[in-house]
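Report on the following structure.
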Amino acid sequence: MARHLITSALPYINGIKHLGNMVGSMLPADVYSRYLRQRGHDVLYICATDEHGTPAELAAKEQGLPVDVFCAQAHDAQKAVYDGFALAFDYFGRSSSTQNVEITQHFARRLNENGFIEERAIRQVYSPADGRFLPDRYVEGTCPHCGYDKARGDQCENCTRVLDPTDLINPRSAISGSTDLEVRETKHLFLLQSKLQHEVEAWVSRHEADWPQLASSIARKWLNEGLHDRAITRDLDWGVPVPADTWPELAAEGKVFYVWFDAPIEYIGATKEWADQDPENRDWKAWWYEADDTVRYTEFMAKDNVPFHTVMFPATELGVREPWKKVDFVKAFNWLTYYGGKFSTSQKRGVFTDQALDILPADYWRYFLIANAPESDDSSFTWEHFTATVNKDLADTLGNFVNRVLSFSRKRFGDDVPAGGEPGEAEARLGEEIARLLAEYEEHMEALQFRKAAAALRALWSAGNSYLEEKAPWLEIKTDKDGAALTLRTAMNLIHLYAVVSEPFIPATTAAMRQAFSLADDTATWVSADEAKALASVPAGTPFTVPPVLFAKLTDEDLATYKERFGGETAA
């Protein structure tokens with residue numbers, strides 16, 4: 001089986017993330033990782049908190065904490081939420097790790113040796129009120145391209161255009177709010193992306209046909225506009241230090257690397273963090289170095305992260321002139337909006353992941369978000385849509401099927417799976433339909449088409465309900481007890497099949513479904529086409545229990561409560 005390396009865009013350290021961040025990177029990566037593991041692949045799923053740059057310093061300042069203390073606490077808080085969502089990372093690291101420092105500095109030295117880094121004197125924004133140079137994210141103002149008045153000095157959150165602080169209209173300090181800004185000269189390191197343009201173009205050309213259009217179009221747009229040399233150091237107190245053995249003057253001035261230089265390298269750094277926990281059994285370089293023929297690497301991210309992963313990081317990897325693994329497939333997502341407006345961590349707008357878990361268990365959110373993932377275009381979160389999806393798909397189609405089958409069987413046949421007669425024409429038709437829908441589900445999962453995969457999974461659940469309505473065991477038992485027993489046994493086998501194949505979407509629920517059957521050796525990780533047709537994995541006589549209600553239906557009162565707490569619409 002293939003070896004799959006999977007990463008999701010590193011969440012910023014400056015606060016708990018919102019649902020848009022969850023569905024735009026980490027959750028689909030988890031669903032895909034779980035699916036691949038079930039199919040027998042060797043999978044390594046890596047993520048980490050992105051702890052450097054202005055967001056970390058500003059958030060620490062707001063809380064009155066040293067930045068290293070703030071980052072340690074924030075990392076633990078974020079990890080607790082991701083554990084609550086059942087994200088099965090193989091390792092969740094920190095970009096402030098010593099491993100990332102070492103590898104980032106190694107990359108910088110190699111780029112310098114190969115002629116792709118240059119020290120330049122530049123004019124940079126200085127704030128007399130703050131007594132310091134202001135790195136890009138410390139400057140806010142109006143975007144010159146779209147007019148968004150809260151654009152940052154590195155990138156406009158609204159139109160995603162990459163900016164320099166001096167591009168902003170009416171700039172102000174993000175620290176003090178002062179508009180008394182000056183431009184002074186200072187020295188920084190530049191990555192000479194212009195010298196790597198043709199190499200990056202050739203690399204993108206070999207891959208873009210396989211990527212989603214969203215990812216390939218963003219990469220091509222950057223390349224068509226031409227790659228510009230970019231400063232990769234900043235004047236900050238917190239970050240990966242410029243190595244003194246190579247740039248002693250800049251190191252003495254306390255320069256650190258730009259967060260977007262070291263953050264993608266943390267994918268490698270976090271893998272080394274993982275390996276260092278068990279060095280005798282884990283080889284981090286086997287996943288990253290000379291691994292083009294042995295590893296398939298898939299990245300998950302929202303569209304604002306695409307340029308850095310399809311152009312800037314590949315340029316860095318190409319420039320070091322070492323055989324580091326580069327991404328094979330970029331799964332990019334559009335925005336999940338909140339009633340048509342943007343979720344925003346900085347403006348605290350929308351539902352945040354910790355709040356979501358306070359309201360309902362993770363599987364409610366996991367299913368809804370993946371079933372409505374913003375793949376082809378933006379999708380909108382509304383409480384009306386959420387409650388309708390939970391009630392129809394989870395509570396009625398799946399939950400009610402499980403409950404009524406097991407409850408009715410216990411009532412009429414006791415605590416063991418009933419035997420009944422031999423499968424007939426209805427069961428044969430059902431088996432063929434389940435095998436067909438399972439193949440469709442697998443096809444969409446292999447293609448990383450999550451909305452389509454969710455629709456196929458929902459169709460699998462619906463097929464069980466159709467079979468139950470057709471056979472109507474509550475009527476059948478009046479005239480054909482063995483026939484009713486067969487119907488219920490077949491339905492129980494469907495429940496077990498659903499528990500296996502639905503695990504990537506709703507892992508906690510499927511665990512409860514599998515535990516309902518006291519099978520002596522339940523080691524199934526997937527269901528073959530023949531097994532789907534036979535529906536015989538839970539034999540007659542198997543003891544079972546009726547689990548608690550899997551999904552509670554949400555009421556109009558629930559809907560009103562959610563809208564009152566979070567608002568039924570959002571500001572433009």
Side-chain angles (χ1 to χ4, degrees), residues 1-9 11 19 21-47 79 81-92 270-271 274 287 295-301 328-329 331 333 353 357 361-373 375 393-394 398 437-458 460-461 495-515 522-528 531-532 550:
M1 287 290 184
R3 299 168 69 224
H4 287 266
L5 174 64
I6 296 172
T7 63
S8 49
L19 294 182
N21 182 281
M22 176 64 70
V23 74
S25 57
M26 289 174 285
L27 181 56
D30 177 74
V31 170
Y32 186 55
S33 298
R34 287 175 176 274
Y35 171 77
L36 290 175
R37 290 190 188 104
Q38 287 188 271
R39 301 308 306 273
H41 296 286
D42 187 6
V43 177
L44 185 65
Y45 177 24
I46 294 292
C47 193
K79 181 60 165 59
V81 172
Y82 304 145
D83 288 345
F85 268 87
L87 301 184
F89 303 115
D90 287 285
Y91 190 77
F92 186 72
T271 308
W274 163 79
W287 293 93
V295 173
R296 178 169 174 79
Y297 178 20
T298 306
E299 292 178 341
F300 290 78
M301 70 201 68
D328 294 299
F329 190 85
K331 178 61 177 178
F333 291 86
T353 49
L357 294 177
D363 281 359
Y364 290 69
W365 301 103
R366 287 178 63 102
Y367 176 80
F368 173 83
L369 291 171
I370 294 296
N372 297 280
E375 291 177 294
D393 295 355
L394 296 179
L398 178 62
L437 291 171
L438 181 60
E440 183 179 320
Y441 176 54
E442 292 169 352
E443 178 184 351
H444 294 318
M445 289 293 282
E446 297 286 347
L448 286 83
Q449 294 292 322
F450 292 102
R451 293 180 75 148
K452 291 180 179 179
L457 182 61
R458 184 167 56 245
L460 277 166
W461 299 342
I495 292 172
H496 187 267
L497 180 146
Y498 295 161
V500 175
V501 303
S502 306
E503 191 266 346
F505 281 69
I506 47 174
T509 303
T510 55
M513 290 164 63
R514 288 183 79 147
Q515 290 165 7
D522 187 8
T523 59
T525 59
W526 201 249
V527 179
S528 69
E531 289 169 335
L550 298 180

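Keep in mind that the numbers below use all heavy atoms, side chains included, and drop hydrogens, waters and symmetry copies.
Ala524 approaches Arg514 most closely through the heavy-atom pair O-NH2, 2.8 Å. Looking at every heavy atom in both residues, Leu437 comes nearest to Ala456 through O-CB, 4.4 Å. In this structure, Phe333 and Gly24 approach most closely via the heavy-atom pair CD1-O, 3.5 Å. Contact between Ala453 and Tyr441 at its shortest, heavy atoms only, is O-CD1, 3.3 Å. For the pair Ala532 and Val527, the tightest heavy-atom approach, listed with the atom from each and the gap, is N-CG1, 3.7 Å. Here the closest heavy-atom approach between residue Pro11 and residue Asn21 is recorded as CB-OD1, 4.4 Å.
Only one option out of Leu5, Thr298, Asp30 pairs with Tyr45 in a side-chain contact (heavy atoms from CB on, under 4.5 Å); it is Asp30.
Between atom CZ of residue Phe368 and atom CG of residue Leu394 there is a gap of 10.5 Å, rounded to the nearest 0.5 Å. In this structure, CG in Leu87 is found 8.5 Å from SG in Cys47, a value given to the nearest 0.5 Å. Atom CZ in Phe450 sits 8.0 Å away from atom OH in Tyr32 (nearest 0.5 Å). If you take CD on Glu440 and NZ on Lys452, they are separated by 9.5 Å, rounding to the nearest 0.5 Å. Summarising the geometry, atom CG belonging to Asn372 is positioned 8.0 Å from atom OH belonging to Tyr367; distances are rounded to the nearest 0.5 Å. Taking CD1 from Ile370 and CZ from Arg451, the interatomic distance works out to 11.0 Å, rounded to the nearest 0.5 Å.
For Asp83, the side-chain contact (heavy atoms from CB on, under 4.5 Å) criterion is met by Lys79, not counting sequence neighbours.
Thr525 places a side-chain N or O within donor-acceptor distance of the main-chain N or O of Gln38, the cut-off being under 3.5 Å. Side-chain N or O atoms of Arg366 include one that pairs as donor or acceptor with a backbone N or O of Phe85 at under 3.5 Å.
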Would you sort out whether Phe300 and Val31 count as a side chain to side chain contact (heavy atoms under 4.5 Å, CB included), showing the intermediate values?
CA-CA 11 Å; Phe300 290 78; Val31 170; over 6 Å; no

Worked check of side chain to side chain contact (heavy atoms under 4.5 Å, CB included) between Arg39 and Met445
CA-CA 11 Å; Arg39 301 308 306 273; Met445 289 293 282; over 6 Å; no

Check step by step if side chain to side chain contact (heavy atoms under 4.5 Å, CB included) holds for Leu27 and Trp365.
CA-CA 10 Å; Leu27 181 56; Trp365 301 103; over 6 Å; no

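No hydrogens or angles considered: nothing links the side chains of Tyr82 and Thr353 as a donor-acceptor pair under 3.5 Å. Side-chain polar atoms of Glu446 and Tyr35 form a donor-acceptor pair below 3.5 angstrom.
Between Leu44 and Tyr91, the closest side-chain pair of non-hydrogen atoms is not below 4.5 Å. Looking at Gln449 and Glu443, their side chains never come closer than 4.5 Å, going by heavy atoms from C-beta outward.
Taking a cutoff of 4.0 Å between a charged side-chain nitrogen and a carboxylate oxygen, Arg296 and Asp328 do not qualify as a salt bridge.
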Report, one line per pair, each donor and acceptor closer than 3.5 Å where one atom sits in a side chain of residues 500-510; sequence neighbours left out.
residue	atom	partner	partner atom	Å
Ser502	OG	Trp461	NE1	3.2
Ser502	OG	Tyr498	O	2.7
Glu503	OE2	Arg34	NH1	2.5
Thr509	OG1	Asp363	OD2	2.7
Thr510	OG1	Ile506	O	3.2
Thr510	OG1	Pro507	O	3.0

